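A short write-up of the structure that comes next.
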Amino acid sequence: MTVPFTDPELSGRTAVITGGGTGLGRAFAKALSARGAQVIITGRRRAPLDEVAAETGATVVCGDVTDPAHVAELARAAGKVDILVNNAAILGPVAALGDYPAEAFEQVMRINVDGVFRVTQALLPALQRSAPGSVIVNLSSGVGRTGRATWGAYAASKFAIEGLTQVWADEQRGEGLAVNALNPGGTRTAMRASAKPDEDPMTLPTPEDVVPALLYLLSEEARSMGLSGVSIDARDFMT
Ligand SMILES: NC(=O)c1ccc[n+]([C@@H]2O[C@H](COP(=O)([O-])OP(=O)(O)OC[C@H]3O[C@@H](n4cnc5c(N)ncnc54)[C@H](OP(=O)(O)O)[C@@H]3O)[C@@H](O)[C@H]2O)c1
């Protein structure tokens with residue numbers, strides 16, 4: 001299935017992309033900048049963020065999504081926010097739950113779930129001021145819908161993302177702030193290579209192949225039908 005939509009024009013809009021220095025976040029930052037958005041990218045390592053900033057003109061706010069001071073700084077630096085892409089996450093260990101280290105479980109949940117909660121809560125007033133037409137996109141995963149052995153805390157964290165997306169969407173229903181989830185599917189990034197070291201990355205779609213699904217969630221078609229509280233698959237938007 002390929003879903004038709006009009007490529008969004010994003011001049012005058014501000015987009016915050018967490019984890020915008022690498023992989024999918026980097027492709028999203030480039031795509032939204034190319035469509036005229038003012039993009040703000042975050043991440044813990046400055047070097048990849050600076051590279052993306054040099055290519056796109058994005059603003060860098062370096063820090064950890066689990067750090068309240070960083071999240072407050074992000075809200076201050078952004079000011080106006082029309083689009084929030086909660087993309088930052090870690091994989092954690094690939095291990096059966098029986099052997100899964102408890103500290104690693106907590107760390108994955110802290111970054112992948114608490115981090116999304118904190119960033120979204122901090123930026124919510126700005127997103128509400130930009131409504132109608134503001135959008136939150138939360139990066140999910142196939143293992144956030146069907147649990148699979150050895151995906152551990154990562155899978156549990158993505159189930160939580162699906163849940164947070166639905167709760168937030170329900171709370172914002174009728175307010176003109178859409179909240180949706182996006183499952184990129186297996187994509188050629190460092191995270192996927194850690195999860196599946198034996199896989200040939202050249203067999204996978206690239207981060208750029210996932211961009212159309214994000215653009216759909218930002219499109220006039222999605223806005224006019226009031227699309228919110230859903231979880232879409234990037235493969236439905238790949239040609
Ligand atoms: N690639 C796939 O096959 C796939 C499939 C399904 C879902 N996803 C989801 O897609 C999203 C992007 O993943 P990716 O594949 O592009 O992986 P990636 O290249 O590892 O990107 C993850 C990004 O998150 C940032 N990050 C991690 N922890 C952070 C923290 N505590 N605070 C701030 N930033 C943090 C990382 O930067 P720093 O390390 O510098 O902080 C990095 O830029 C994730 O939500 C992932 O779960 C990916």
Side-chain angles (χ1 to χ4, degrees), residues 7-91 111-112 115-116 118-120 122-123 126-127 130 133-139 141 182 184-195 201-202 204-219 234 237-239:
D7 201 322
E9 214 287 304
L10 301 174
S11 301
R13 308 193 83 196
T14 302
V16 173
I17 303 173
T18 65
T22 67
L24 285 153
R26 182 186 188 113
F28 295 159
K30 287 186 187 177
L32 301 198
S33 296
R35 284 162 181 79
Q38 170 59 43
V39 174
I40 297 163
I41 50 176
T42 77
R44 293 166 300 182
R45 288 165 297 156
R46 178 163 284 281
L49 295 167
D50 283 345
E51 263 182 46
V52 176
E55 284 177 64
T56 62
T59 301
V60 171
V61 182
C62 195
D64 189 316
V65 289
T66 65
D67 175 4
H70 165 65
V71 173
E73 187 199 348
L74 179 60
R76 254 194 321 275
K80 168 177 158 359
V81 185
D82 305 278
I83 298 161
L84 167 61
V85 184
N86 281 310
N87 168 79
I90 60 166
L91 174 67
I111 294 175
N112 297 8
V116 169
R118 282 179 186 279
V119 169
T120 306
L123 298 187
L127 285 154
S130 295
S134 44
V135 181
I136 299 172
V137 178
N138 297 323
L139 269 288
S141 168
L182 165 56
T187 310
R188 199 184 306 164
T189 70
M191 183 187 287
R192 178 72 184 191
S194 304
M202 298 314 283
L204 294 172
T206 64
E208 287 71 27
D209 293 326
V210 177
V211 165
L214 173 65
L215 296 178
Y216 170 68
L217 292 174
L218 307 181
S219 71
F237 298 83
M238 291 179 191
T239 43

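A quick note: this is a predicted structure, and the numbers were derived from the prediction, not measured.
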Less than 4.5 Å apart, side chain to side chain, heavy atoms only: is that true for [X] and [Y]?
{"X": "R192", "Y": "T187", "answer": "no"}
{"X": "V39", "Y": "T56", "answer": "no"}
{"X": "L32", "Y": "L215", "answer": "yes"}

Once rounded to the nearest 0.5 Å, what's the spacing between atom [atom1] of [X] and atom [atom2] of [Y]?
{"X": "T120", "Y": "N86", "atom1": "OG1", "atom2": "CG", "answer": "4.0 Å"}
{"X": "L49", "Y": "I40", "atom1": "CG", "atom2": "CD1", "answer": "12.5 Å"}
{"X": "T22", "Y": "R45", "atom1": "OG1", "atom2": "CZ", "answer": "6.0 Å"}
{"X": "L218", "Y": "D7", "atom1": "CG", "atom2": "CG", "answer": "10.0 Å"}
{"X": "L123", "Y": "T14", "atom1": "CG", "atom2": "OG1", "answer": "11.0 Å"}
{"X": "T18", "Y": "I41", "atom1": "OG1", "atom2": "CD1", "answer": "11.0 Å"}

Please confirm whether the backbone N or O of [Y] pairs with a side-chain atom of [X], one donor and one acceptor, at under 3.5 Å?
{"X": "S130", "Y": "V81", "value": "yes"}
{"X": "N112", "Y": "A89", "value": "no"}
{"X": "D209", "Y": "T206", "value": "yes"}
{"X": "R188", "Y": "P201", "value": "yes"}
{"X": "D82", "Y": "S134", "value": "no"}

[X] and [Y]: which non-hydrogen atoms are nearest, and at how many Å?
{"X": "V60", "Y": "R46", "result": "CG1-NH1, 3.7 Å"}
{"X": "A75", "Y": "A122", "result": "CB-O, 3.9 Å"}
{"X": "A58", "Y": "A53", "result": "O-CB, 3.3 Å"}
{"X": "P8", "Y": "S219", "result": "CB-CA, 4.4 Å"}
{"X": "V61", "Y": "A77", "result": "CG2-CB, 3.9 Å"}
{"X": "A88", "Y": "G19", "result": "CB-N, 3.7 Å"}

side-chain contact (heavy atoms from CB on, under 4.5 Å) between R118 and V65, worked out: CA-CA 7 Å; R118 282 179 186 279; V65 289; over 6 Å; no

Check against side-chain contact (heavy atoms from CB on, under 4.5 Å), V71 and V119: CA-CA 6 Å; V71 173; V119 169; 4.0 Å; yes

CA sep, side-chain torsions, deciding dist, call: I83, L10, side-chain contact (heavy atoms from CB on, under 4.5 Å): CA-CA 10 Å; I83 298 161; L10 301 174; 4.3 Å; yes

Name the atoms and distances for all side-chain donor-acceptor pairs under 3.5 Å in residues 23-30, with sequence neighbours left out.
residue : atom : partner : partner atom : Å
R26     : NH1  : G21     : O            : 3.3
R26     : NH2  : E51     : OE1          : 3.2
R26     : NH2  : E55     : OE2          : 2.9
K30     : NZ   : E55     : OE1          : 3.0

Test side-chain contact (heavy atoms from CB on, under 4.5 Å) applied to L127 and I136, step by step: CA-CA 8 Å; L127 285 154; I136 299 172; 3.8 Å; yes

